[in-house]
Amino acid sequence: MATVILVRHGRTTANATGLLAGRALGVSLDDTGREQAARTGERLSAVPVAGVVSSPLERCLQTARFILDRQPGSPYAPVDPDLTECDYGQWQGRPLSDLAAQELWPLVQSHPSAVVFPGGESMAGMQARAVAAVRRHDAAFEAEFGPGAVWVAVSHGDVIKSILADALGMHLDLFQRINVGPASVSIVHYGAQRPSVYATNTEAGDLSWLANGLQSGDAPVGGGAGRKTP
């Protein structure tokens, strides 16, 4: 299968002020977020990507543009609503400090698979539609560009955490153990037998070793010799 680079959007005005933005419109990258997204775009410039699929929310589209502007040619750049933020319902737009006092908060932390946000989406539903979307796009990119294809999905923190939890074989109730910072890069290769997670939550480092894609195969006993640079 192909390889997906999962990129969270850069920091936003809501992130900086401690608000849960959710699906609210008009939430943009702040100055720090634009700098973060630019650095991520520069990192990914060493990897010719087959496409950049984005959540439809503005902060993700802005982050995707920083990536696309540093790619040769014009990679495929669709928007997929299945990569959008969790629907937090009545929690949307509220300060995180207030939400931490809600009865539902401890369940979000320890048993998210049972959480349904009031007036919104379940966290299990969020994971199901996001994982299905990534696997669907991954299969499509492989079919068109071959098993060495590398593509980017630009999405949101909880969404990416849920995708990584699935790739790691973790129950959703453990996904709060994963951290995904603004404009961070995580890498998953969906092999024939299982997904392989090559990186999580990276903010720096050379990615040129991804330029020729990753190949499926058995996991090397003992860890193997490591990746090869071009």
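These figures come from a predicted structure and were not determined experimentally.
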Distance from [X] atom [atom1] to [Y] atom [atom2], nearest 0.5 Å?
X      : Y      : atom1 : atom2 : value
Gln62  : His9   : CD    : NE2   : 10.5 Å
Ile163 : Leu168 : CD1   : CG    : 12.0 Å
Tyr190 : His137 : OH    : NE2   : 12.0 Å
Ile178 : Lys161 : CD1   : NZ    : 7.5 Å
Ile187 : Thr3   : CD1   : OG1   : 8.5 Å
Leu44  : Ile5   : CG    : CD1   : 5.0 Å

In this structure, would [X] and [Y] fall into the same cluster of hydrophobic residues linked by side-chain contacts under 4.5 Å?
X      : Y      : answer
Leu99  : Met126 : yes
Met123 : Leu107 : yes
Leu104 : Val116 : no
Leu214 : Val185 : yes
Leu6   : Val197 : yes

Could you tell me whether the side chain of [X] and the main chain of [Y] form a donor-acceptor pair under 3.5 Å?
X      : Y      : value
His171 : Asp173 : yes
Asp166 : Val131 : no
Glu144 : Ala139 : no
Ser184 : Val180 : no
Gln71  : Val49  : yes
His189 : Ala2   : yes
Ser186 : Asn201 : yes
Thr12  : Ala14  : yes
Arg34  : Leu29  : yes
Gln92  : Arg23  : yes

Side chains of [X] and [Y]: does their closest heavy-atom pair fall under 4.5 Å?
X     : Y      : result
Val52 : Trp151 : no
Cys60 : Thr63  : no
Arg65 : Asp69  : yes
Val4  : Val152 : no
Pro75 : Leu68  : yes
Ile67 : Val154 : yes

Minimum heavy-atom distance [X]-[Y], with the two atoms named:
X     : Y     : answer
Ala16 : Asp30 : CB-OD2, 3.7 Å
Gly41 : Arg70 : C-CD, 3.3 Å
Leu61 : Ser55 : CD2-O, 3.6 Å

Check this for me, if you would: do [X] and [Y] make a salt bridge, where the nitrogen-to-carboxylate-oxygen distance has to be below 4.0 angstrom?
X      : Y      : result
Asp206 : Arg43  : no
Arg129 : Glu121 : yes
Arg59  : Glu85  : yes

Derivation of the side chain to side chain contact (heavy atoms under 4.5 Å, CB included) call for Gln36 and Thr32: CA-CA 6 Å; Gln36 292 168 335; Thr32 296; 3.7 Å; yes

Should we say atom OH of Tyr76 is surrounded by more than 12 heavy atoms from elsewhere, each under 6.0 Å from it?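 No, the 6.0 Å shell around OH holds no more than 12 heavy atoms from other groups.
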
Ring-plane angle category for Phe117 and Trp91, please: parallel below 30°, perpendicular beyond 60°, tilted otherwise.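 Perpendicular: the ring planes of Phe117 and Trp91 meet at over 60°.
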
Would Cys86 and His156 satisfy side chain to side chain contact (heavy atoms under 4.5 Å, CB included), going step by step from the backbone distance to the final call? CA-CA 8 Å; Cys86 185; His156 306 269; over 6 Å; no

Given Ser155, which partner from the list Leu57, Leu83, Asp80 fulfils the side chain to side chain contact (heavy atoms under 4.5 Å, CB included) test? Leu83

Step-by-step side chain to side chain contact (heavy atoms under 4.5 Å, CB included) determination, Phe141 to Val150: CA-CA 8 Å; Phe141 280 115; Val150 180; over 6 Å; no

Working note: Leu172 + Ser162, criterion side chain to side chain contact (heavy atoms under 4.5 Å, CB included); need CA distance, chi angles, decisive distance, verdict. CA-CA 7 Å; Leu172 182 60; Ser162 75; 4.3 Å; yes

Evaluation steps, salt bridge (Lys or Arg N to Asp or Glu O under 4.0 Å), between Asp31 and Arg11: CA-CA 8 Å; Asp31 289 343; Arg11 196 182 81 167; over 6 Å; no

